[in-house]
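Read through the structure below, which is laid out as structure tokens, and then see the notes.
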Amino acid sequence: MAMCSSFCPQIPHHLRCRGTPINPFSLSARTFSSYISNSSSQATEKPARVGFLGIGIMGSPMAQNLIKAGCDLTVWNRTKNKCDPLISLGAKYKSSPEEVAASCDVTFAMLADPRSAMDVAFGKCGAASGMGPGKGYVDVSTVDGPTSKLISEHIKSTGALFLEAPVSGSKKPAEDGQLIFLTAGDKYLYEKVAPLLDIMGKSRFYLGDIGNGAAMKLVVNMIMGSMMASFSEGLLLSEKVGLDPKVLVEVVSQGAISAPMYSTKGPSMIQSLYPTAFPLKHQQKDLRLALGLAESVSQPIPIAAAANELYKVAKSKGLSDEDFSAVIEALKAKSQHSPNDQ
Ligand SMILES: NC(=O)C1=CN([C@@H]2O[C@H](COP(=O)(O)OP(=O)(O)OC[C@H]3O[C@@H](n4cnc5c(N)ncnc54)[C@H](OP(=O)(O)O)[C@@H]3O)[C@@H](O)[C@H]2O)C=CC1
Ligand SMILES: O=CC(=O)O
């Protein structure tokens with residue numbers, strides 16, 4: 001079956017221009033270059049059968065967007081029942097990463113962390129066992145460069161191609177097809193899967209050698225983790241000195257330090273609510289990996305190091321699966337002392 005043959009009726013919103021559906025496969029290179037960074041190339045042929053491994057908070061909406069765009073999608077997840085909604089939408093199911101890779105031209109993986117990304121890529125019944133010449137593996141998980149290089153070696157040893165493509169953007173951007181892909185590795189595979197990335201995302205960067213996509217993602221999330229920790233301190237301090245933290249959110253949102261993250265998460269943080277979009281355990285993992293990256297080039301990152309400690313405290317309080325904005329709870333615990341304390 002030709003992939004996305006019924007593409008036009010289900011074009012994601014971000015590929016529509018003034019209400020007119022745009023088929024990304026027919027866009028000129030010039031049109032593409034307006035929203036694709038670092039690439040003027042355009043994919044001509046697209047993979048027919050697409051696999052997706054890892055149906056979690058991110059994998060689920062990403063896979064759903066591929067199905068909605070008409071892709072012939074085969075899915076696998078360690079916990080099988082998370083695949084059920086996708087199967088009802090028309091996805092096929094295979095019982096191991098190996099079988100998915102064997103039955104698909106290109107396979108995406110969206111796993112929790114380096115350990116799971118490696119297990120699924122080249123562990124027992126892993127994707128590598130089903131890969132071979134003419135196939136491609138695209139790892140969109142957030143991992144460190146050395147992990148990505150190891151996965152690349154295993155995949156490429158089968159004759160297949162490898163692309164690392166971690167994403168910036170959380171649950172909502174994943175649902176809306178608004179992710180930002182930070183890719184590196186095989187340029188030919190990058191061009192092949194570009195139409196698929198454009199279904200799931202709003203932009204894509206090609207950054208060269210394997211490890212560069214991972215590094216970019218870790219730097220971005222290092223900044224994000226520190227921003228959230230600092231914002232948490234601000235919310236609590238404003239309240240302690242008698243200000244209304246809701247007003248603080250409003251002031252921040254109007255000024256130069258405004259960020260969507262503050263205005264979307266601030267109101268629920270004030271109510272001590274942390275509906276999970278980006279699990280706190282993953283933010284702490286990213287800070288840990290960023291610290292390793294910094295260590296590898298002897299770059300001091302003391303702010304990120306301090307933020308990492310705060311996320312570790314939050315994890316120790318059982319907040320791993322809450323949204324990362326629950327890091328504020330770690331500070332509340334620390335500041336539980338009498339007002340008379342000096
Ligand atoms: N949520 C977000 O906002 C964003 C997350 N990311 C990154 O994307 C990746 C996925 O995140 P997210 O979807 O939020 O995370 P989830 O925790 O929701 O999903 C993790 C996925 O990994 C699978 N998994 C975990 N351990 C193993 C293992 N040992 N073997 C096989 N599969 C395993 C889970 O399977 P199971 O269902 O069986 O547990 C699940 O499919 C992470 O690297 C994260 O840092 C990147 C951008 C945004
Ligand atoms: O990795 C998390 C994100 O929001 O990006």
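FYI, the numbering just counts along the sequence from 1.
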Spell out, as yes or no, whether a donor-acceptor pair under 3.5 Å connects the side chain of [X] to the backbone of [Y].
X	Y	result
Ser258	Gln254	no
Ser230	Ser226	no
Lys135	Ala101	yes
Thr74	Tyr93	no

Are there more than 12 heavy atoms of other residues, nucleotides or ligands under 6.0 Å from atom [atom1] of [X]?
X	atom1	value
Asp244	CG	yes
Met216	CE	no
Ile303	CD1	no
Lys171	NZ	no

Measure across Ala117 and Val143 and return the closest heavy-atom pair with its distance rounded to 0.1 Å.
-> CB-CG1, 3.8 Å
For the residue pair Tyr137 and Ile151, what are the closest heavy atoms and their distance?
-> CE2-CG2, 4.0 Å
Take the angle between the ring planes of Tyr311 and Phe324 and call it parallel below 30°, perpendicular above 60°, tilted in between.
-> parallel
Give me the ring orientation class for Tyr206 and Tyr190: parallel if the planes are under 30° apart, tilted from 30 to 60°, perpendicular past 60°.
-> tilted
Do Lys172 and Glu175 sit within salt-bridge range, that is, some charged N less than 4.0 Å from a carboxylate O?
-> no
Identify whether the distance between the nearest side-chain nitrogen and carboxylate oxygen of Lys156 and Asp186 falls below 4.0 Å.
-> yes
